[in-house]
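Below, chain A is the first sequence line, B the second, and so on; all start at residue 1. Basis for what follows: all heavy atoms, side chains included, without hydrogens, waters or symmetry-related copies.
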Amino acid sequence: AQKVTQAQTEISVVEKEDVTLDCVYETRDTTYYLFWYKQPPSGELVFLIRRNSFDEQNEISGRYSWNFQKSTSSFNFTITASQVVDSAVYFCALSEPLTGGGNKLTFGTGTQLKVEL
Amino acid sequence: GAGVSQSPSNKVTEKGKDVELRCDPISGHTALYWYRQSLGQGLEFLIYFQGNSAPDKSGLPSDRFSAERTGGSVSTLTIQRTQQEDSAVYLCASRDMNTEAFFGQGTRLTVV
């Protein structure tokens, strides 16, 4: 069975600090996708990134960067120079194929990030 | 609409009553998903629709839960004889073949 582990339940940082959110996954599939979603207090899950298992290049998008390491089954997320607006719950997820095609997301338990002034 | 729309945003119901939760996916998205988010269980997959058919219902927790989708668009999740453990946020998501899943803001269900 697929599993995603986010060991950090809650992280508090002061604005402008860098912060890394950890994600470790388990799968027997050779092809899979990894995701990060942000859930602000409004409740909607906001897509941040999708990464194919064959692409191990790290990715940077503004203050966000992702480190995908297949050897350690990890897909960590770093926010550089954090801001108060980054406060949210962040979920890591792994795709899993479904009967009849399509796929579903297996989510980690989320990391609550609090950025304070 | 531009995004996935769910209604109602909040629902309080008495134990034993039936409830219906509605999801309007993004226009043109053929795949639709229901998830449940609760404190003890995190985010759980409930059911997946491709068009109007549901090839995977493996996540529905009991036979009190059912869902349908009509016209390849709107979906309704029905919970019969609600129990207190059904209290959670129910999230709907839609996608097409080439995109990631887009989520709605959810329906917060409270069973009292």
Side-chain angles (χ1 to χ4, degrees), chain A residues 1-10 21 23-27 32-53 55 59 61 64 66 75 77 88-112, chain B residues 1-11 21 23 25-26 29-60 69 88-109:
Chain A
Q2 312 227 10
K3 187 178 178 183
V4 176
T5 301
Q6 293 181 255
Q8 303 150 308
T9 306
E10 185 172 321
L21 310 181
C23 173
V24 174
Y25 63 92
E26 294 175 31
T27 180
Y32 51 89
Y33 290 87
L34 293 161
F35 301 77
W36 276 94
Y37 280 84
K38 174 182 179 180
Q39 188 177 42
S42 61
E44 184 176 350
L45 280 165
V46 178
F47 167 81
L48 296 178
I49 189 170
R50 176 177 66 176
R51 175 49 51 89
N52 183 306
S53 56
D55 181 3
E59 182 156 340
S61 175
Y64 295 169
W66 290 270
F75 187 44
F77 173 31
V89 180
Y90 290 85
F91 290 94
C92 180
L94 172 66
S95 66
E96 179 178 346
L98 289 172
T99 303
N103 58 71
K104 73 175 184 184
L105 296 174
T106 298
F107 286 88
T109 50
T111 297
Q112 169 85 57
Chain B
V4 178
S5 176
Q6 292 187 247
S7 61
S9 53
N10 280 285
K11 176 74 176 178
L21 312 180
C23 173
I26 292 173
H29 281 191
T30 56
L32 186 147
Y33 304 81
W34 284 97
Y35 286 82
R36 179 168 73 172
Q37 185 174 23
S38 54
L39 275 177
Q41 302 296 325
L43 273 154
E44 305 171 273
F45 166 80
L46 297 179
I47 188 170
Y48 157 66
F49 285 93
Q50 181 61 39
N52 290 337
S53 61
D56 196 309
K57 306 179 184 179
S58 61
L60 293 178
R69 189 180 185 195
V89 176
Y90 290 82
L91 291 162
C92 176
S94 71
R95 63 184 292 267
D96 68 18
M97 283 183 61
N98 300 312
T99 71
E100 67 283 350
F102 291 88
F103 283 81
Q105 289 190 314
T107 294
R108 181 174 296 278
L109 176 66

Heavy-atom nearest pair, Tyr35(B) first then Leu105(A), reads OH-N, 2.8 Å
Pick from Gly104(B), Gly106(B), Ala31(B) with the largest number of heavy-atom pairs that fall under 4.5 Å of chain A
Gly104(B)
Chain A contact via Arg108(B) - which portion, at a heavy-atom distance below 4.5 Å:
neither
Find the distance between CD (Gln39(A)) and CG (Leu91(B)) and round it off to the nearest 0.5 Å.
6.5 Å
List the residues meeting ring pair (Phe, Tyr, Trp, His ring centres under 6.0 Å) with Tyr32(A), not counting sequence neighbours, and say none if there are none.
Tyr25(A)
Need one label for Ala93(B): side chain, backbone, both or neither, based on atoms under 4.5 Å from any heavy atom in chain A.
neither
Quick one: OH on Tyr33(A) to CD on Glu100(B), what's the gap to the nearest 0.5 Å?
12.0 Å
Enter the distance from Phe91(A):CZ to Gln37(B):CD here, rounded to the nearest 0.5 Å.
4.5 Å
Of all residues at least two apart in sequence or in a different chain, which pass the salt bridge (Lys or Arg N to Asp or Glu O under 4.0 Å) check with Arg36(B)?
Glu44(B)
Highest number of heavy-atom pairs under 4.5 Å with chain B among Thr106(A), Asn103(A), Val46(A) belongs to Asn103(A)
Winner by heavy-atom pair count (cut-off under 4.5 Å) against chain A, out of Gly42(B), Ala101(B), Gly59(B):
Ala101(B)
Contact origin within Gln6(B) toward chain A - heavy atom pairs under 4.5 Å
neither
Taking atom NZ of Lys57(B) as the centre, report whether more than 12 heavy atoms of other residues, nucleotides or ligands fall under 6.0 Å from it.
no
Any heavy-atom pair between the side chains of Lys104(A) and Tyr48(B) that's under 4.5 Å?
no
